[in-house]
*Asks:* 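Pasting a structure below so you can have a look.
Throughout, protein chains are lettered first and strands after them, A, B, ... in sequence-line order, and every chain is numbered starting at 1. What you see is a predicted model; the values in this text were computed from it and never measured. Any value given below was found using the heavy atoms of this structure, including those in side chains, with hydrogens, waters and symmetry copies removed.
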Amino acid sequence: MGRVACLRIPDFPIAAHLRAESAVELPGLLPMIVVRGEGKNAVVAAASEIARSGGIELGMRAADARAQHPGLREWEWSPTLYDEVQTELAATLLAASPRVSRAGPGAFWLDAGGWDRMGGEGAFIEAARSAALAAGYPEARIGIADTAAAARAATRLRGSAVQQIESGHDARFLATLPLHVLSISEELLELLAALGIETVGELADLEAGEVEARLGAEGVQAHRWARGLDDGKEGPFGGRPPSDWSAEVEFPGPIERIEPLLFLLKSCLDNLSDALAAKGLCLRGFALTIETEDGPAQQAIRPARPTRQVSLLLKLCRTALEDLRLSGRALGLRIEAEEVVPAVAEQADLFEPPRPDPDALANALTRLQGRWGPESVVRPAAADSHRPEKAGRWEPVELMSELVRTPASRGAVGHGGGRSLHVARHGQGHRTGHRAPNVRDGTPVVPSLSPQDVRSSLASRAPFGLVDGNGDDSASMESPALVLRLWSRPQPLDVRIEAGQPGAVDVDGDWRAVHSLQGPERLSGEWWEDHFRREYYRVSTTKGDLLWVFYDPRRRGWFWHGWWD
Amino acid sequence: MSRSSAVSALSLEQLGSLTRASELRAGLQALAWPLGSPELDAALPNGVPRGQVTEWAGPRSAGKTAVLRQLVRSVQETGAGAAYVDGTRTLTPAPWVRGRLGPGGAPPFWVVRPPEPAGVLPATEELFKSGAFGLVIAEGADWSRTPVIRLQRLARETGAALIAVVDQPGCVPLAGFRVQFSSDPHSRSYRIQIRDRGLHREVSYANDLPYRLPEDSGLPDRRVPKKPS
């Protein structure tokens, strides 16, 4: 387990002003205050220990404080100064720890791990104190513990400049301390006091479910701290930038084959996955870098959904390695997270139909999109365009949007959407000379016939082949709406004109006579972008094809755009 | 029925180990996907069988896609996902856009469009392996015995239905059911024949052209009739 250190400068605003003036006084030896506000509204924002012992309280009017201590030394509140001082001190503390981050005014988190071979934690404490002393803060307090909450609490205790809490004893250390050593709000402190809870240990003894029900999220967090549990939000790793989530390995010798490389890659992924799991995080994207004899080769990898599943990550890396052309033998590899996100779980619903497993969807999507690109796995979405081939669009599937269960877009089937082919819009296009067509579900609709109509219709015609091998086992059904299918680009079509209109069409090298014809339906528009003018016909051939063809007067040719099926 | 009454209506035995109520309702009928048409569901045993390969054959404009769309909707209504591997890349999005289905929206409907028809079978296999789809439709593939056996095994393992869409009947070896579509332009009627190991059923329905337009559009036709050569 990593060790966390907290370094705090007591009465930091006063210490900062003294440091800025290069004064030699210690904040505890003289009555000193920092005042926030102007004139009558000025209040005491910070006070030295001796001032507090003389009756000055934080938040009292500055005029009252001055009346109590006529020789009181005071400064104005200066956030800029405090920021500069804290930045300067953080830079100095880097001599003691490679990872330093702010933990509030005058306090810092330090990574206290990794000193085992350099003298242990004692050496770390010495280094940290020396750094603080060099920066001009001899009164700095240091607490070291397993959890950030315990380390911070240790710096809030008077009397000892260093508190080193033995590993595994955070809860025991905290148990006897008053509640205010934890960073919890005044409201929660008052509430706990009203419940008769005064020490951290008493809070830790409460049942977790009760705490959640009665004290809410802040109570749960405080309860975890009290029990010596780290929530990962604070400490030197709490604000860790995503790029810091990395793992690397240097090979003992140059590698030429992929198998040993994958073996070492797996161990890297295992390490990274464990580190992410400890913080409840998942990878959303990462970079795989292979160091070769001729330089590094890098490939960005983005799983379909955030994951830390090693098997899936390894599959992705394997696919990436197959695409990666290495110019020389591999010498090492590095995995660096580009984005990490908290792991989230989805709540299922007992009364909702079961949904596909998100991990299964992620696997399929990752493999397919990894093979042919994001445009290869799509889902339909409504679009508003006068041009037939743009009436609807394929959207690349994004797994997260599938999982959040957003309903399909408005304007979809059954909501008045679908093809806008039949909607005249000023400035977009126009159609001429036709009555409003019957449209349903985004496709031209077969006129609905009642079952009686169908039966009578079938009865009036000679039924074709209704008899099967087992006897009379035939039925009639309500007709489903035919679905339009389109070529990705309209194909040039040979059309034989007879009596001024198409009489036969050449389909797949076979001339087929036109059985019936409907049209022309003239469509034009998009003059500002890619002007089109088309005269559409619905052509039914004697062989049963139901084609959609158009004549383009600008190109003076016939085109086969699609068919109904 | 309210949630509480629905729960009370189920015995503990029925609930089993935290089985979802919707699964209980589905029961054994989930062994086949209903087509959404009583006539077709009667002709096929309760619909398109799961865990099997079904051949979906017929020429262009025979109505194959129309029934497939109906089937996809029916599958989605049960909460299962559906996928269409379109090796021909002729599927258009608008007819497949789905409105809201239940409180959680529509289950996934993915269309996989491999750049080459050769990618249809690998994509279908990948979808089956994920186990996330109850229905996979594959069109544009060159069906041979080996991949069909593999896909059939995957379909059986995952309980999903595979529909192999082809132009000519008999192109898909080992298909459990063979559904053949045809149309007659003269009577504008459509016919669906279902064959299953000698059993032969048939469903017919009438259709018309999508919509009619007046013969005279009101504008002169600019094209000159082709002169006889």
*Asks:* For chain B, which of A:E375, A:R556, A:R367 has the most heavy-atom pairs under 4.5 Å?
*Replies:*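 So the answer, after comparing A:E375, A:R556, A:R367, is A:R367.
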*Asks:* Check each atom of B:K129 against the heavy atoms of chain A and say whether the ones under 4.5 Å are side chain, backbone, both or neither.
*Replies:*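 When you check distances to chain A, no heavy atom of B:K129 falls under 4.5 Å.
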*Asks:* A:D510: which residues meet the salt bridge (charged side-chain N to carboxylate O under 4.0 Å, His left out) condition with it, sequence neighbours left out?
*Replies:* A:R512, A:K543
*Asks:* Can you confirm whether B:R113 sits close enough to A:V377 that some side-chain heavy atom of one is under 4.5 Å from a side-chain heavy atom of the other?
*Replies:*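 Not touching, per the 4.5 Å side-chain cut-off.
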*Asks:* When you compare the side chain of A:W487 with that of B:T90, does any pair of heavy atoms fall below 4.5 Å?
*Replies:*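 The answer is yes, as the side chains (C-beta and beyond) meet within the 4.5 Å cut-off.
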*Asks:* Taking side chain as C-beta onward, heavy atoms only, is B:R60 less than 4.5 Å from A:L547?
*Replies:* yes
*Asks:* Given that the side chain runs from C-beta out, which part of B:Y84 has a heavy atom under 4.5 Å from chain A: side chain, backbone, both or neither?
*Replies:* side chain
*Asks:* So, taking the atom named CH2 in A:W394 and the one named CH2 in B:W96, what distance separates them when rounded to the nearest 0.5 Å?
*Replies:* 8.0 Å
*Asks:* Could you tell me whether a side-chain N or O of B:T92 sits under 3.5 Å from a main-chain N or O of A:L484, the two making a donor and an acceptor?
*Replies:* yes
*Asks:* Quick one: do A:D565 and B:R69 satisfy salt bridge (Lys or Arg N to Asp or Glu O under 4.0 Å)? Show the steps, please.
*Replies:* CA-CA 11 Å; A:D565 187 34; B:R69 186 177 68 153; over 6 Å; no
*Asks:* Check whether any side-chain heavy atom of B:E126 lies under 4.5 Å from a side-chain heavy atom of A:L365, and answer yes or no.
*Replies:* no
*Asks:* Please assess B:L127 against A:L368 for the test side-chain contact (heavy atoms from CB on, under 4.5 Å), listing each intermediate value before the final yes or no.
*Replies:* CA-CA 9 Å; B:L127 291 167; A:L368 292 169; 3.8 Å; yes
*Asks:* Taking only heavy atoms into account, what residues of residues 116-125 of chain B are found under 4.5 Å from chain A?
*Replies:* B:G119, B:P122, B:A123
*Asks:* Tell me, side chain or backbone of A:W372 under 4.5 Å from chain B's heavy atoms, or both, or neither?
*Replies:*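 For A:W372, the side chain is the part near chain B, not the backbone.
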*Asks:* Over all heavy atoms of both residues, which pair between B:S61 and A:G544 is shortest? Give the atoms and the distance, please.
*Replies:* CB-O, 3.4 Å
*Asks:* Where does A:R371 contact chain B at under 4.5 Å (heavy atoms): side chain, backbone, both or neither?
*Replies:*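 It is the side chain, since no backbone atom gets that close.
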*Asks:* Between A:W564 and B:T65, is any pair of side-chain heavy atoms under 4.5 Å apart?
*Replies:* no
*Asks:* Any chance CD of A:Q491 has more than 12 other-residue heavy atoms, nucleotides or ligands included, within less than 6.0 Å?
*Replies:*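 Enclosed: over 12 neighbouring heavy atoms sit under 6.0 Å from CD of A:Q491.
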*Asks:* For B:P93 versus A:P380, what's the shortest heavy-atom pair and its separation?
*Replies:* O-CB, 3.4 Å
*Asks:* Where do A:L482 and B:Y190 land on the side-chain contact (heavy atoms from CB on, under 4.5 Å) test, with the steps shown first?
*Replies:* CA-CA 11 Å; A:L482 294 181; B:Y190 290 76; 3.7 Å; yes
